[in-house]
Amino acid sequence: MSKILIIYTGGTVGMIYDEKTKALRPIGFNEIRNNLPELYRMGIDFYVYAFNPPIDSSDMQPEIWVEIASIIEDRYDRYDGFVILHGSDTMSFTASALSFMLENLSKPVILTGSQLPIGKIRTDAKENIITAMEIAATRHNGQVVVPEVCIYFDFALFRGNRSKKYNAEKFEAFYSMNYPPLAEAGIDIKYKTQVVLPSPEKPLKVHKHLDDNVTVLKMFPGITRKAVEAILNVSGLRGVILETFGSGNTNTQPWFIESLKKAIDKGVVIVDITQCDGGSVELGKYETSQPLQQIGVISGHDMTFEAAITKLMFVLGQNLDLEATKAMIEAPLRGELTTNTHDWEAI
């Protein structure tokens, strides 16, 4: 019998409608358990670690990611897998952060939640939790099938650091534009083992230092010099995610390129990712991205925003020299980026 730890952080999955306030409020895990008797018929030995009070995912912070990683580290040898119940709004950020923090992960860490509270008749919470539990417990010939940090939502299992919440109203809240699902749940759960990361041989190593001295510069037509310089001159700034057009393009006005260069010369790491949900940055493909390449902007390839910002926090937290930092950002650490996007498309 597999032994699974459920980490209940909060989110819509654990909320009920309060008649007095006319708003959703969080409930404890015992009330979730009362609405999900199927848990006891699964043949899985499960235990629960519940945050008290539960956390709305809009309040998620790096310190909580460290707490979750520490919970997994402290109990890693006692459980076969972990299911994290989490609000959907920042689930992709948490999944991405944990993927970098949990180096040499050889057990499933599955995040899930719901669009409707578990007490609602039409809730998606029950199916999401039950299937996430089954995935976390699944072995094939004694081997873990998915030794990754993943998100399970609405019949699909995604690599956590490739996922994005794209819809606030559909049960199908997440997608992974630049990487295929790791599994699809129908009558059976069909695993696509060819796109799952191999199980590591080294022991788990948990990283707990994240540097949040980072910010975001999102391009739009008409962005002003005053706005750009305000962002790039934040006190203590160490890293910037530059959200560009298309395959990594920006405007080429001299003042803009010069502003970026001044920041880079001061040691600020600037990572270029596309605003598009699908596709990849290809610095130098167009003339409008060549100046970025020349001044030392780093390519984020096909990383999601959620993966890019959490990876930047993680890498800066390693306190490496500048060249090692750049090399680490551009390298695929946990399957979060593809340097050649045609590699997975052929699978």
Side-chain angles (χ1 to χ4, degrees), residues 1-7 36 38-49 68-69 71-86 91 94-96 98-113 126-163 174 176 178-207 332-338 343-347:
M1 184 180 291
S2 294
K3 198 172 181 181
I4 302 299
L5 180 66
I6 299 173
I7 302 173
L36 197 55
E38 294 89 345
L39 280 176
Y40 297 96
R41 294 161 45 198
M42 294 186 68
I44 296 173
D45 189 11
F46 72 90
Y47 297 80
V48 179
Y49 184 102
I68 295 170
I71 292 167
I72 293 172
E73 179 184 32
D74 293 344
R75 296 158 178 80
Y76 193 70
D77 294 333
R78 290 155 49 188
Y79 295 96
D80 299 306
F82 303 85
V83 172
I84 302 174
L85 303 187
H86 192 290
M91 188 181 291
T94 297
S96 296
L98 289 176
S99 76
F100 300 120
M101 297 168 75
L102 302 174
E103 184 178 354
N104 300 324
L105 180 68
S106 61
K107 298 181 180 182
V109 174
I110 314 297
L111 286 85
T112 194
K126 291 187 177 183
E127 193 282 324
N128 285 346
I129 295 173
I130 289 169
T131 306
M133 291 282 287
E134 184 172 339
I135 291 169
T138 297
R139 301 289 183 277
H140 182 68
N141 294 328
Q143 299 297 312
V144 168
V145 177
V146 187
E148 296 195 31
V149 178
C150 302
I151 287 177
Y152 177 78
F153 228 89
D154 194 50
F155 306 108
L157 182 73
F158 303 111
R159 177 169 296 160
N161 57 36
R162 291 284 195 163
S163 67
F174 290 83
S176 174
N178 285 332
Y179 203 77
L182 307 187
E184 294 178 350
I187 294 174
D188 298 309
I189 300 175
K190 295 182 178 179
Y191 294 95
K192 299 180 180 180
T193 55
Q194 70 271 30
V195 295
V196 176
L197 291 175
S199 188
E201 296 180 0
K202 295 181 180 179
L204 178 72
K205 181 178 180 181
V206 180
H207 301 271
L333 303 180
R334 313 283 189 266
E336 75 284 357
L337 64 83
T338 316
D343 290 347
W344 65 262
E345 290 172 350
I347 295 175

Evaluate the ring pair (Phe, Tyr, Trp, His ring centres under 6.0 Å) criterion for residues F46 and Y79: first the C-alpha distance (whole Å), next the side-chain angles of each, then the deciding distance (0.1 Å), finally the verdict. CA-CA 9 Å; F46 72 90; Y79 295 96; over 10 Å; no
Do you know the tightest heavy-atom contact between [X] and [Y]?
{"X": "S96", "Y": "G160", "answer": "OG-O, 3.7 Å"}
{"X": "M42", "Y": "E134", "answer": "CE-N, 3.9 Å"}
{"X": "R334", "Y": "N161", "answer": "O-ND2, 3.2 Å"}
{"X": "P200", "Y": "L105", "answer": "CD-O, 3.2 Å"}

Could you verify whether a donor N or O on one side chain and an acceptor N or O on the other, from Y179 and E336, lie under 3.5 Å apart?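 Side-chain D/A pair, Y179 to E336: absent.
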Side chains of R162 and T338: do they bring a donor and an acceptor to under 3.5 Å?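 Yes, side-chain donor-acceptor contact under 3.5 Å.
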What is the distance from atom [atom1] of [X] to atom [atom2] of [Y], rounded to the nearest 0.5 Å?
{"X": "K205", "Y": "E73", "atom1": "NZ", "atom2": "CD", "answer": "11.5 Å"}
{"X": "L204", "Y": "I72", "atom1": "CG", "atom2": "CD1", "answer": "8.5 Å"}
{"X": "F158", "Y": "L111", "atom1": "CZ", "atom2": "CG", "answer": "13.5 Å"}
{"X": "S2", "Y": "M133", "atom1": "OG", "atom2": "CE", "answer": "9.5 Å"}

Name all residues meeting the side-chain hydrogen bond (donor to acceptor under 3.5 Å, both in side chains) criterion together with Y76; count only those two or more places apart in sequence or in a different chain, and write none if there are none.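 Testing Y76 for side-chain hydrogen bond (donor to acceptor under 3.5 Å, both in side chains), a comparison that skips the adjacent residues, returns S106.
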Within the 4.5 Å heavy-atom criterion, are [X] and [Y] side-chain neighbours or not?
{"X": "T112", "Y": "L85", "answer": "yes"}
{"X": "E38", "Y": "I129", "answer": "no"}
{"X": "L157", "Y": "T131", "answer": "no"}

Report the C-alpha separation of V83 and L5 in whole Å, then their side-chain angles, then the decisive distance to 0.1 Å, and conclude whether the side chain to side chain contact (heavy atoms under 4.5 Å, CB included) test is met. CA-CA 6 Å; V83 172; L5 180 66; over 6 Å; no
In a table with atom names and distances, give each donor-acceptor pair under 3.5 Å that connects a side chain of residues 140-151 to protein atoms at least two apart or in another chain.
| from | atom 1 | to | atom 2 | distance (Å) |
| --- | --- | --- | --- | --- |
| E148 | OE1 | R159 | NE | 2.8 |
| E148 | OE2 | R159 | NH2 | 3.0 |
| E148 | OE2 | L197 | N | 2.7 |

Main-chain N/O of [Y] paired to [X] side chain as donor or acceptor, under 3.5 Å:
{"X": "T94", "Y": "M91", "value": "no"}
{"X": "N128", "Y": "D154", "value": "yes"}
{"X": "N104", "Y": "P203", "value": "yes"}
{"X": "D80", "Y": "I4", "value": "no"}

Name each donor-acceptor pair under 3.5 Å that joins a side chain in residues 181-193 to protein atoms two or more places apart or in another chain, with its distance.
| from | atom 1 | to | atom 2 | distance (Å) |
| --- | --- | --- | --- | --- |
| Y191 | OH | T138 | OG1 | 3.3 |

Using side chain to side chain contact (heavy atoms under 4.5 Å, CB included), reason through L98 and I84 one step at a time and then give a plain yes or no. CA-CA 11 Å; L98 289 176; I84 302 174; 3.7 Å; yes
